[in-house]
There are 2 protein chains.
Amino acid sequence: MTTKPERADRGVTLADIAREAGVSLATASRAMSGARGVSAATTRKVRAVAERHSYVVSPEASGLSRGSTGRIGVLTRHIARPFYAEALEEIESVLADHGLDTVVYCVRTPEDQHSFFERLPARRKVDGLLVLALPLSPHEKERLDLLDVAVVAASGQTADYPYVSIDDAEAGRQAMDHLLRLGHRRIAMIDAIDPNASEWPIELRSLAYTRSLEAAGIELEEDLFVRVPWGAEGGAEGMERLLSLREPPTAVFIHSDDLAYGALRVLRRAGLEVPRDMSVISIDDAPMSELLDLTTVRQDARLQGRLAAETLLAMLADEPYQRARLTPTRLVPRGSTAAPAR
Amino acid sequence: MTTKPERADRGVTLADIAREAGVSLATASRAMSGARGVSAATTRKVRAVAERHSYVVSPEASGLSRGSTGRIGVLTRHIARPFYAEALEEIESVLADHGLDTVVYCVRTPEDQHSFFERLPARRKVDGLLVLALPLSPHEKERLDLLDVAVVAASGQTADYPYVSIDDAEAGRQAMDHLLRLGHRRIAMIDAIDPNASEWPIELRSLAYTRSLEAAGIELEEDLFVRVPWGAEGGAEGMERLLSLREPPTAVFIHSDDLAYGALRVLRRAGLEVPRDMSVISIDDAPMSELLDLTTVRQDARLQGRLAAETLLAMLADEPYQRARLTPTRLVPRGSTAAPAR
DNA sequence: CTGAAAGCGCTTACAG
DNA sequence: CTGAAAGCGCTTACAG
């Protein structure tokens, strides 16, 4: 019946199903969506016909009609780093369980990030957005609000969206506490900055470092605090700087596991033994840390992803939710820390 | 003018833009899409109005009309493993550069996988599908064909879709060759099987092992070939079995880096030194391998992801493409291999 | 419980 | 170069 044959065979439509089932389009639609107010027999009949044709309702058309997309966007700066990858995997899992698709927007570089907020490619494409460990400038937040969808942040946000995160200050305290209890007094810190991050919240981990030392009555030494770019290379650089001191520390608290891996390599190559010559602790408990016998403070990336996704689902369903959720961290003592040699 | 006010304020529509620009809907549509046949002045006027309202064309409506979704699905069993995460990151990057969204379908368990192929949640939602290192049974392939979209496989496929992959046999040969040249004769292999994989292609890596030994005139020893489940734990188990032999090998070729990490840990804990007591080589060159000083055969996950995405783009654009693309692998000699002790 | 009809927000052949 | 109109494949208030 179509006057445009080239469009005619895009596949079976609800109209076809309705016709074959001997009901109206409206009833077929209700039967397929499980809306109430259709007799069980009719529903069965319609669905049987649909089944026979391997028919599924077109999400595009359905979404257009009802005004939702059935998709959630995840905005992130990385996919291939353990924390992000694990959080993403869990997010996808939660969303899929609720029938929602996950679309990934990865802004690798500052340029990508800039263009994302200028062009807003997610506009009109998602029902909600999960912002993964991406601090937002006020301008970026303003742009994001143009999406006009629910937003939840996981870790390190600067805007005022509902969020899920660890308590970085507490995690830092746990790490420092462990070193102090072991008897260390000369404790260094290798802090990390993301060279690509335009904005970053107050660094709670380094704050924990200074506070813990102060609380223990230990004087701060400028040389013992180094700040390096993110990643194993940064950790290596930081450790090299510490080893070059006239009097190196006996222990070091490192911003995160990734950095610690680089630091451990430097120690090994320098012929130093861990933990005898240097205790090393960091934060994350990334997958490799167990293999490397690294003492660390565990944060659960998957849990954070899960809770963030669930928060977003609650917002979309207009159910109550917590604006701020802190997930627990805990010390995982392994072989890279011990009491100082003397 | 709408009779349904609750639907009225979903935002600015093309009709609003057209009205304000003083043109018809049709012309506004053409101006926004950049279709030819609109005067430059009109185009400018329409776009200016759109800009002023932060308007973008609704992908849902546009897609419904033109019959495409602007989305590509990625089907995978993992997100949080380096190979997958890197490939995915690159895929997203390529697709985003072409204005396409990436939606992830991660089937973690055999049940997830089964349900994916039964329910086909990607149906009517994507213009194409990238299957990441997921071997398909004939039945699964049959189901997938119901999606009626372009499909490209990256690594380890069993169906006959266009694909991108390394040459596993060649990679294995490179690894074995390295050990043989160093003078090893007693070479073991730790092979991996994915306990979740319903189907798996002929194992080309272990084939390379036997062939290389045969070519070198070395007799195969059953004890020297062990097969374990995937992951570091599997590698540890495999190495333990090899160490328990009356006469352990002097070198071992391991299916992939992940397994090698576990094997290295077992060696270290057993007080054995690498490479003095045992040479270790594997395939992948995952991010941690450099830190662990692991000799390996590098495969480029990002390149595979990129080429797979580009192949899919070519298919969608009806441009010529290669049905099979093999990406190169190369030996990366590091500190975990050396000539046998005596 | 069921149907006719309007509407979701676009695109595009057709006719100027 | 531009517009009126049909169509994309659904959903849902309205009226039985």
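Order of the sequence lines fixes the chain letters, A, B, ..., with proteins taken first and strands second; residue numbering starts at 1 for each chain. Keep in mind that the numbers below use all heavy atoms, side chains included, and drop hydrogens, waters and symmetry copies.
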C/dT2 -> Watson-Crick or G-U wobble partner, both distances under 3.5 Å, gives D/dA15
How about A/V46 and A/V23: do any of their side-chain heavy atoms sit closer than 4.5 Å? yes
Decide whether A/T43 and A/R47 meet the rule of one side-chain donor and one side-chain acceptor closer than 3.5 Å. no
Is there a side-chain contact between [X] and the phosphate of [N], meaning an N or O under 4.0 Å from OP1 or OP2?
X     : N      : result
A/Y55 : D/dC10 : yes
A/T42 : C/dC1  : no
B/R30 : C/dC10 : no
B/S39 : D/dC1  : no
B/R66 : D/dG7  : no
B/S29 : C/dC10 : no
B/S24 : D/dG3  : yes

Quick one: B/L25 CG to C/dT12 P, roughly how many Å, whole number? 13 Å
Provide, to the nearest angstrom, the distance between the CG atom belonging to B/L14 and the C1' atom belonging to D/dC8. 15 Å
Quote, to the nearest angstrom, the C1' distance that separates D/dT12 from D/dG16. 16 Å
Of the candidate nucleotides C/dG9, C/dT2, C/dT11, which contains the atom at the shortest distance from the side chain of B/S58? C/dG9
For the backbone of B/R108 and the side chain of B/D112, can you confirm whether one donor and one acceptor N or O come within less than 3.5 Å of each other? yes
When rounded to the nearest 0.5 angstrom, what distance separates OG1 in A/T311 from CZ in A/R306? 11.5 Å
Using heavy atoms to find the nearest nucleotide of DNA chain D for A/M32 and B/A40 separately, return the residue whose nucleotide is more 5′. B/A40
Should the side chain of B/S65 and the base of D/dG7 be counted as holding a donor-acceptor pair, with the cut-off at 3.5 Å? yes
Output side-chain donor-acceptor pairs under 3.5 Å for residues 96-107 of chain A, partner residues at least two apart or in another chain, one line each.
unit_1, atom_1, unit_2, atom_2, d
A/D101, OD2, B/Y105, OH, 3.0
A/D101, OD2, B/K125, NZ, 3.3
A/Y105, OH, B/D101, OD2, 3.0

